Amino acid sequence: MTYRLNFPTDVFDTYKQLPELARRDLALALVDAQQDPLAYSEPYGQDDGIIRTVAQGHVTAVILLGHDTATMTVLTIAYAGTADS
């Protein structure tokens, strides 16, 4: 089952401000996670199977999984690179 991706407006604004390579890395991580979010993510704190993290390169996102509705909501994005990365 493919999960539907949901980006709240404020989080999407953060995504748009990332350098191009970081946007690409995050997009790839999220696309992979849409197919099997538990396999392509890591627990965020205690493993409840609902709040998870995805990461690639210098960018990480916290996601909320709605298993009943097959939705994956991006809660926050963290970028640890430089503007040139």
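The analysis underlying the following values was restricted to heavy atoms, covering all of them including side chains, and did not include hydrogens, waters or symmetry mates. Sequence positions, counted from 1, serve as the residue numbers for this chain. From a predicted model like this one, the values you see are computed outputs, not experimental measurements.
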Quick one: do V62 and L64 end up in the same hydrophobic cluster if we chain Ile, Leu, Val, Met, Phe, Trp and Tyr together by side-chain heavy atoms under 4.5 Å apart? yes
Exactly one of T60, L18, V59 should register a side-chain contact (heavy atoms from CB on, under 4.5 Å) with D25. Which one does? V59
Over 60° means perpendicular and under 30° means parallel, so tell me whether Y15 and F7 are parallel, tilted or perpendicular. tilted
Are any non-hydrogen side-chain atoms of P37 and R52 less than 4.5 angstrom apart? no
Could you walk me through whether V11 and I77 pass the side chain to side chain contact (heavy atoms under 4.5 Å, CB included) test, one step at a time? CA-CA 7 Å; V11 179; I77 297 170; 3.8 Å; yes
Minimum heavy-atom separation for S41 to V54, with atom names? CB-CG1, 3.8 Å
Can you give me the closest heavy-atom contact between V74 and P8, atom names plus distance? O-CD, 3.2 Å
Work out which heavy atom in P19 is nearest to a heavy atom in Y79; give both atom names and the distance. CG-OH, 3.6 Å
Could you report the tightest heavy-atom contact between Q56 and A29, atom names first, then the distance? OE1-N, 3.9 Å
Suppose we screen for side chain to side chain donor-acceptor pair (under 3.5 Å). Which residues come up paired with T2, at least two apart in sequence or across chains? Q35
Would you give the length of the straight line joining atom OG1 of T9 to atom NZ of K16, rounded to the nearest 0.5 angstrom? 8.5 Å
Do the side chain of D48 and the main chain of I51 share a donor and acceptor less than 3.5 angstrom apart? yes
Decide whether L38 and Y3 are clustered together by the hydrophobic rule: side chain heavy atoms of Ile, Leu, Val, Met, Phe, Trp, Tyr closer than 4.5 Å, transitively. yes
With sequence neighbours left out, the residues meeting side chain to side chain donor-acceptor pair (under 3.5 Å) with T71 are T69
Interatomic distance, I63 atom CD1 to Y44 atom OH [nearest 0.5 angstrom]: 12.5 Å
Heavy-atom closest pair (M72 atom, L30 atom, distance to 0.1 Å) is CE-O, 3.4 Å
Answer whether the closest heavy-atom distance between the side chains of L5 and Q34 falls below 4.5 Å. yes
